[in-house]
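When a ligand or atom number is given, it counts from 1 through the structure's own listing order. Hydrogens, waters and symmetry mates are skipped; everything else that's a heavy atom, side chains included, is used. Just so you know, these numbers come straight off a predicted model, no measurement behind them.
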Amino acid sequence: MAGLFLKVSVTLAVVIAIAFQLLLKDLVWMGLGIGKHIQPLSDFPYKCRRIDDPRFQACEDMWLSESTRQLFMACSTTDGRKHWIPNGLSLNVTGRSLSDAIVAVDIDKPKGDSFEFRALKTPGFTGTAGDGLLNVLGVTGVDDPNGDVELLLNNNRPSLDPATGAILPDQTHVGANSTLELFRVSGRSSEMKHLRTFADAHVTTPNSMAPAGAGPGIRRFYMSNSGGPYKTGLKALFGPLFGSGDITYCDGSTDELSCKVVSAGHKLPNGMLRNSKDGLIYAASSVTGIISVFRPLPDGGLAEVDRIDIGYGLDNLSEDANGDIWASIYPRGIEILMAFGDPWNAKCKAAVVRVRREADGGYSWEKVLEDGDAEVLPGSTVAVHDSKTGRLFFGSVYAPYIGVCEPIPA
Ligand SMILES: *[C@@H]1O[C@H](CO)[C@@H](O)[C@H](O)[C@H]1NC(C)=O
Ligand SMILES: *[C@@H]1O[C@H](CO)[C@@H](O)[C@H](O)[C@H]1NC(C)=O
Ligand SMILES: *[C@@H]1O[C@H](CO)[C@@H](O)[C@H](O)[C@H]1NC(C)=O
C-alpha cells in the first residue's frame, strides 16, 4: 500500500512539476516579480500625486476623449469592489456598490490639486430590475465629428430570479448577467443618454472592449471575455490560467446583435485596443505578459500578425494621440490580488510601459515610470497618457484615489 502510495505521489509530483514548468512558471515568476529590476519613482522625471475624492474610487478603467479633452473613468466604490467583481468571482451581491458611475474629468480645468469633474447621470436607464444602476468595469469610446462622444461600457449586472424577476440573493451559482451598454455624451453634459443594450450569449465574462472600426459611433466591437464562457465554479477559477479566455466580435450594425468568438485559448485576456493609426487590434494577457496583435478581417475574424512579449502581467491598454500604446503592468502581480483583502491600506507597486511601432514594422517598449515602493500611485489597472501635456493618469480597480503624474521639464 505504502509503496503504491509513494509511486502515485511521485508520479503526481512529476506531473505537477511538469505542469509548473510548462504552464505556470512564467505566471509564478511574474506574480512574484522575480528577476525584475524594480525602481522607485525618483528614478523617473515625473512628479506624482494622489487625488483623493469619494468619486474617484475604484476607477478600473479610463478613456481619454482627445477632441473634448475629457477623461472618462469607470468608477465604483472601494468597499463595493471587494464584494462584486464577477470576473474575479467576487459575487456577494448585497455588498456591491450602489453608486457606480462614469466620471467625466475636465483635464484642462484644474481645480486645486484636482480637476473639475461630473459624475454622469443616466436618466431613463432602467438598470437591473428597474433599479437604474450600473455595475461598471471597463469603458471605451469614440469621438464623433460633431463633438459628441459615444461610450461603450460593460455592465456586470446581477442575475435575476426567473420566477420573481427580483435580483437573486445568491449569485454564486449563476454568476453575473453582463451586458455592454452604449451611451452618448453631448459636449460637457452632466448626463449620458442611453442608446442601446447589447446582450448576447457570447457576452459572458466581458473585461475590456475595443471598437472594430473608426466610427462614427460604436456598432461593431471586439471584447475580451476574461474567463471565456465560465462564470462560476472551478472552471471559472482556473480556466483563465489555462486559456479559457476568448476574444469575441459583436456586430450591432442592425437592430439584431450578433456575436461570435473569433479567437480562443487566451489566458486571462484583459485590455483591448484598436489603434487608430494602424487599425490593428491589440489584446493584452494578464497571465502571459504578451500583447497579441491582430489584423481585423472583413467578417470580424482576427488574423494574428505579431506578439509583443512584455514579460509583466498586463492590465489595460490605451492609445495616445501619437499612436503609442500605454500598458499598465503589475511589477509584482500577486500584490494586486492581495490588495482586495485590505483595499484601503494596500500597498501595491505600479508601473507603465510605452509600446511603440518602429519604422521597420516591429515593436519596441520601454518602462516609462514605476512606483516600486508603492509611495504614491495606486496598484494601477489603467494608465492614460495625455500627449498634449505629457501627463499620466492612473486608475485602479480597488484604490480609493487616482494618481496623476506631471512630467518634470528636463
Ligand atoms: C456581503 O456583503 C455584506 C454587505 O457588505 C456583508 O455584510 C456580508 O458579510 C458579505 N458576505 C460575505 C460572504 O462576504
Ligand atoms: C481598457 O482600455 C481600452 C482602451 O482605452 C478600453 O477600450 C477598454 O474598455 C478598457 N477596459 C478594461 C476593463 O480594462
Ligand atoms: C439576463 O439578461 C437578459 C437580457 O437582458 C434577460 O433577458 C434575462 O432574463 C437575464 N437573465 C437573468 C438570469 O438575469
* To do: State which residue, out of T122, V149, L195, fulfils the side-chain contact (heavy atoms from CB on, under 4.5 Å) condition with F183.
  => T122
* Matching residue for L160 among L168, T128, V174, N177 - test: side-chain contact (heavy atoms from CB on, under 4.5 Å) -> T128
* Structure fact -> Under 4.0 Å from one or more heavy atoms of S159, ligand 3 contributes atoms 13 (C), 14 (O)
* To do: Run the numbers for me: atoms of ligand 3, each under 4.0 Å from some heavy atom of R157, listed by number.
  => 1 (C), 2 (O), 3 (C), 4 (C), 5 (O)
* Heavy atoms, side chains only, cut-off 4.5 Å: are L91 and K231 in contact? -> no
* Option among Y401, F117, F115 that satisfies the ring-ring contact (aromatic ring centres under 6.0 Å, His included) test with F56 -> F117
* Asked: Are any side-chain N or O atoms of N275 and backbone N or O atoms of G323, one a donor and one an acceptor, separated by less than 3.5 Å?
  -> yes
* Structure fact -> Distance col, row M62:CE vs S328:OG, nearest 0.5 angstrom, shows 10.0 Å
* Which residue and non-hydrogen atom of the protein lie closest to atom 4 (C) of ligand 1, and at what distance in Å? -> G95 CA, 3.8 Å
* To do: Using heavy-atom distances, let me know which of L91, D79, N92 sits nearest atom 13 (C) of ligand 1.
  => N92
* To do: Give a yes or no on whether atom 2 (O) of ligand 3 lies under 4.0 Å from any heavy atom of the protein.
  => yes
* Would you say atom 7 (O) of ligand 1 touches the protein, meaning some protein heavy atom is under 4.0 Å from it? -> no
* Asked: Just distances here: any N/O of L160 and N/O of ligand 3 closer than 3.5 Å?
  -> yes
* To do: Using a 4.0 Å heavy-atom threshold (strictly under), name the region of N177 that reaches ligand 3: side chain, backbone, both or neither.
  => side chain
